[in-house]
Protein chains: 2
Amino acid sequence: MVKKVSLKDIAQKIGVSTALVSYVLSGNEEKGRVGKETAEKIRQAAKELNYQPNHIAKSLKTGKTNTIGLIVADISNPFFASIARGVEDESGHFGLTTIIGSSDESTEKLKNLVDVFIKRQVDGFIISPPDNSEETIEYIISLGIPICLIDRHFNHVNSSYVITDNKESMQTAVSHLLEMGYKNLAFVAYKSSLQHMKDREQGFLDASATIQSKVYKINFNKQQQELNKVLDEILETQKADAIVFATNTLSVAGLKYLTQKGVQIPKDLNVMCFDFSEVYDFFYHPIIHVKQPIEQLAKDSVVALTQQMKDHTIQKKVLRSELIAKTRA
Amino acid sequence: MVKKVSLKDIAQKIGVSTALVSYVLSGNEEKGRVGKETAEKIRQAAKELNYQPNHIAKSLKTGKTNTIGLIVADISNPFFASIARGVEDESGHFGLTTIIGSSDESTEKLKNLVDVFIKRQVDGFIISPPDNSEETIEYIISLGIPICLIDRHFNHVNSSYVITDNKESMQTAVSHLLEMGYKNLAFVAYKSSLQHMKDREQGFLDASATIQSKVYKINFNKQQQELNKVLDEILETQKADAIVFATNTLSVAGLKYLTQKGVQIPKDLNVMCFDFSEVYDFFYHPIIHVKQPIEQLAKDSVVALTQQMKDHTIQKKVLRSELIAKTRA
DNA sequence: CTGAAAGCGCTTACAG
DNA sequence: CTGAAAGCGCTTACAG
């Protein structure tokens with residue numbers, strides 16, 4: 001390993017103190033009131049020696065790492081991958097580096113990741129929390145570490161968050177189905193204490209009050225089997241004329257199972273999905289879906305977090321989703 | 001911000017030196033030959049005060065950050081998102097944290113990310129390099145920083161890498177098309193100096209030598225327009241009976257355009273794609289494709305890198321891909 | 001078995 | 001305008 005050049009090396013080379021070098025190179029020249037030519041010599045030497053400041057040392061001294069921890073359910077899921085990309089880009093603008101972890105919707109894993117990230121002294125967290133993780137979120141808050149929840153939140157936890165208008169967008173979407181003439185709806189969601197899930201359910205219930213409808217909730221852990229069972233029931237017992245899926249994972253998995261069973265959409269039954277997926281583009285019929293502004297969610301959560309890092313403001317932001325229900329071009 | 005508890009705090013609390021505390025808490029108890037009950041008292045106090053070691057301080061002292069930098073083209077692309085997930089999981093087993101960056105296939109962005117990561121003192125890099133980035137890769141090597149390329153490499157750069165058998169798998173895939181009876185093939189790839197791209201092309205050429213065929217290469221930067229133009233040409237001028245796509249991005253974008261144009265697969269024309277995509281599951285006909293072992297690529301690159309971090313061994317590993325050409329169940 | 005001390009590479013009051 | 005020095009929170013040879 002090539003020896004790294006330090007402040008001291010360049011200080012020695014031109015015979016000044018490390019303090020001067022630090023002032024000049026960190027852009028606090030005025031503060032140190034350094035002479036113009038000295039400053040120039042320092043910059044010159046830094047360039048010659050290819051000086052790269054040691055971030056670690058700086059962090060230890062200042063207590064800031066300029067690093068944020070992002071924890072999502074699964075970084076390989078396109079929805080969260082997009083969020084990660086948005087957070088990465090936006091945080092770069094603030095000179096922040098992002099470290100990412102996947103909780104797999106497990107409170108246990110979340111807790112471990114949080115501990116690891118805290119040991120690494122992250123300046124703040126952006127988290128899409130799994131079910132039943134209030135305690136861990138509150139633990140972070142109790143430590144005084146800035147945090148912004150994204151996509152999901154808990155009503156009774158006082159933290160910053162950036163989410164979409166889950167209840168309203170679901171109402172709009174379901175109302176659209178009613179306008180189209182559907183009269184017997186099934187709603188497929190997860191069992192969850194997370195507010196976004198409750199809100200989507202409430203939106204469904206509100207909009208479908210005047211017609212026949214049924215709500216199915218499955219366990220995330222056994223979703224494949226339970227989803228299939230629920231869909232069979234919807235097809236055979238309830239005989240619904242349209243299914244509303246509450247999340248992107250359920251949407252894609254549900255579509256796949258229906259296709260496998262030979263169900264024709266929308267002839268036999270229509271569907272309403274949540275979140276965009278690239279697979280819709282390849283489906284034989286346009287898929288009605290609620291499109292959340294992922295980029296904006298990511299961007300705004302970084303903005304909210306950096307704001308909180310500065311002045312401890314708690315921001316709660318709700319973005320609007322869009323209903324995509326047009327015929328394919 | 002709640003005051004963090006340090007080694008010193010717990011040393012003071014029970015009246016021993018920080019050295020002892022350090023030995024006990026970092027598991028080097030034997031090395032410090034610490035007394036059993038002292039050790040117990042220390043552990044007790046650490047728990048009571050909820051002591052979280054400061055990783056930054058440790059890093060400064062030891063020169064190791066236990067952090068690796070992963071740079072891919074685009075973390076929101078499912079292919080790279082899967083790699084990221086694999087790297088994240090595997091590096092966790094080694095106590096390493098991963099920071100991720102997206103180069104967008106730009107050498108300039110790669111260079112910036114590398115500089116940022118070096119300032120953060122990453123212990124090593126895993127990089128899927130963009131075209132013409134040899135210099136940056138060699139710069140990292142010249143600094144003595146361990147690096148493992150993934151998915152792509154340069155033949156004349158002596159670094160560790162983990163890739164798949166690009167030439168062989170392409171040969172196998174194209175041979176399969178010949179066996180199926182196709183006689184006029186088009187190959188769609190990027191203009192690139194990257195070895196994996198050359199290898200895939202060579203594989204195509206070798207296997208299609210006995211029949212009619214044509215190679216099309218497009219610029220990554222203007223891929224949407226150029227791809228469409230090339231596909232039009234293939235349909236109208238070459239009148240190929242099958243198209244071979246060289247990458248996952250080209251495969252999905254190509255399929256989309258063909259579908260849009262009303263081309264029926266495989267009736268009008270068949271396709272052979274590279275890499276799996278979830279969209280295939282929703283296509284009206286099974287898609288023949290080469291499936292790379294993404295999980296294994298990710299895993300092996302972390303193993304190669306950690307090995308190199310220990311003993312400076314350079315490992316070059318080639319994994320086998322699988323041809324998926326079965327009828328849908 | 002235990003403690004005092006140096007040092008990792010920075011920043012930043014403080015003193016001249 | 002410039003330098004000496006303390007200190008961030010650890011680790012680790014060294015001395016007892």
Side-chain angles (χ1 to χ4, degrees), chain A residues 1-43 45-46 49-67 118-123, chain B residues 1-43 45-46 49-67 118-123:
Chain A
M1 176 78 82
V2 180
K3 179 73 182 62
K4 289 270 175 56
V5 331
S6 70
L7 277 189
K8 208 160 86 184
D9 296 324
I10 108 160
Q12 274 173 350
K13 171 161 179 177
I14 54 181
V16 297
S17 74
T18 60
L20 275 236
V21 181
S22 171
Y23 283 129
V24 172
L25 263 31
S26 56
N28 295 321
E29 206 169 323
E30 349 58 71
K31 222 165 149 197
R33 291 138 300 151
V34 186
K36 268 206 164 187
E37 34 182 322
T38 317
E40 200 41 59
K41 270 205 293 194
I42 290 172
R43 266 188 288 268
L49 298 174
N50 187 27
Y51 171 67
Q52 302 273 28
N54 183 325
H55 208 277
I56 301 295
K58 183 171 176 176
S59 291
L60 181 57
K61 182 61 191 173
T62 63
K64 302 270 92 186
T65 54
N66 290 312
T67 301
I118 287 179
K119 287 199 191 81
R120 287 183 178 261
Q121 313 283 122
V122 293
D123 292 341
Chain B
M1 179 76 83
V2 181
K3 180 73 183 61
K4 290 271 174 54
V5 331
S6 70
L7 279 189
K8 209 162 84 183
D9 295 326
I10 108 161
Q12 276 173 349
K13 170 159 181 177
I14 54 182
V16 296
S17 73
T18 60
L20 275 236
V21 181
S22 172
Y23 283 127
V24 173
L25 262 29
S26 56
N28 295 322
E29 204 168 325
E30 348 59 71
K31 220 164 148 199
R33 294 139 297 154
V34 186
K36 269 209 163 185
E37 32 183 321
T38 317
E40 201 37 61
K41 267 205 295 193
I42 289 173
R43 266 188 287 269
L49 298 173
N50 186 27
Y51 171 69
Q52 303 274 24
N54 183 328
H55 208 277
I56 300 294
K58 182 172 179 177
S59 292
L60 182 58
K61 182 64 192 172
T62 62
K64 304 269 93 189
T65 55
N66 290 312
T67 301
I118 288 181
K119 286 199 191 82
R120 286 181 179 262
Q121 312 284 118
V122 293
D123 291 341

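Proteins get letters first, then strands, A, B, ... in listed order; numbering begins at 1 in each.
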Next on the checklist: How many whole angstroms separate atom NZ of B:Lys8 from atom C1' of D:dA6?
Outcome noted: 11 Å
Item to check | Integer-rounded Å distance: C:dT11 C1' and A:Leu20 CG | outcome: 13 Å
Item to check | Atom-pair distance (NZ on A:Lys58; C1' on D:dC8), nearest Å | outcome: 14 Å
Checklist entry - How would you list, by chain and number, every residue that makes a side chain to side chain donor-acceptor pair (under 3.5 Å) with B:Thr65, sequence neighbours excluded? => result B:Asp123
Checklist entry - Rounding to a whole Å, what distance do you find between B:Gln12:CD and C:dG3:C1'? => result 14 Å
Checklist entry - salt bridge (Lys or Arg N to Asp or Glu O under 4.0 Å): which pairs involve residues 10-19 of chain A, sequence neighbours left out? => result A:Lys13-A:Glu48
Checklist entry - Looking at the side chain of B:Thr62, which of D:dT11, C:dT11, C:dC10 is the nearest nucleotide? => result D:dT11
Checklist entry - When the distance from NZ of A:Lys119 to P of D:dG9 is rounded to whole Å, what number comes out? => result 17 Å
Next on the checklist: Would you say that A:Val16 contacts A:Lys41 through its side chain, given a criterion of any heavy-atom pair below 4.5 Å between the two side chains?
Outcome noted: no
Checklist outcome for this item: Those residues at least two apart in sequence (or on a different chain) that pass side-chain contact (heavy atoms from CB on, under 4.5 Å) with B:Ala19 are B:Ser17, B:Tyr23
Next on the checklist: If the cut-off is 4.0 Å, is B:Ser59 near the phosphate of C:dC8, judged by side-chain N/O to OP1 or OP2?
Outcome noted: no
Checklist outcome for this item: Checking D:dT11, D:dC8, C:dT2 against the side chain of A:Lys61 (C-beta onward), the nearest is D:dC8
Checklist entry - From C:dC10, D:dC14, D:dG3, pick the nucleotide closest to the side chain of A:Ala57? => result C:dC10
Checklist entry - So which nucleotide from D:dA5, D:dC8, D:dC10 ends up closest to the side chain of B:Tyr51? => result D:dC10
Next on the checklist: By nearest heavy atom, map A:Ala19 and B:Thr38 onto DNA chain C; which one lands nearer the 5' end?
Outcome noted: B:Thr38
Checklist outcome for this item: Sorted by chain and number, sequence neighbours left out, side chain to side chain donor-acceptor pair (under 3.5 Å) with B:Thr38 holds for none
Checklist outcome for this item: Atom CD1 of A:Ile10 and atom P of C:dG9 are separated, to the nearest Å, by 14 Å
Checklist outcome for this item: When rounded to whole Å, the CD1 to P distance for the pair B:Ile56 and D:dT11 reads 13 Å
Checklist outcome for this item: Residues passing the side chain to side chain donor-acceptor pair (under 3.5 Å) test with A:Gln52, sequence neighbours excluded, are B:Tyr139
Checklist outcome for this item: A:Leu60 CG to D:dT11 P, in whole Å, measures 12 Å
Next on the checklist: Taking 4.0 Å as the cut-off, does a side-chain nitrogen or oxygen of B:Ser22 come that near to OP1 or OP2 on D:dT11?
Outcome noted: yes
Item to check | Shortest side-chain distance from B:Ser6, nucleotide among D:dG3, D:dG7, D:dG9 | outcome: D:dG9
Checklist entry - Taking both distances under 3.5 Å as the test for a Watson-Crick or G-U pair, what stems of at least three pairs does DNA chain D have? => result C:1-3 with D:14-16, C:5-12 with D:5-12, C:14-16 with D:1-3
Next on the checklist: Are the side chains of B:Asn50 and B:Val5 in contact, using a 4.5 Å heavy-atom criterion?
Outcome noted: no
Checklist entry - Looking at the side chain of B:Asn54, which of D:dT11, D:dG9, C:dG9 is the nearest nucleotide? => result D:dG9
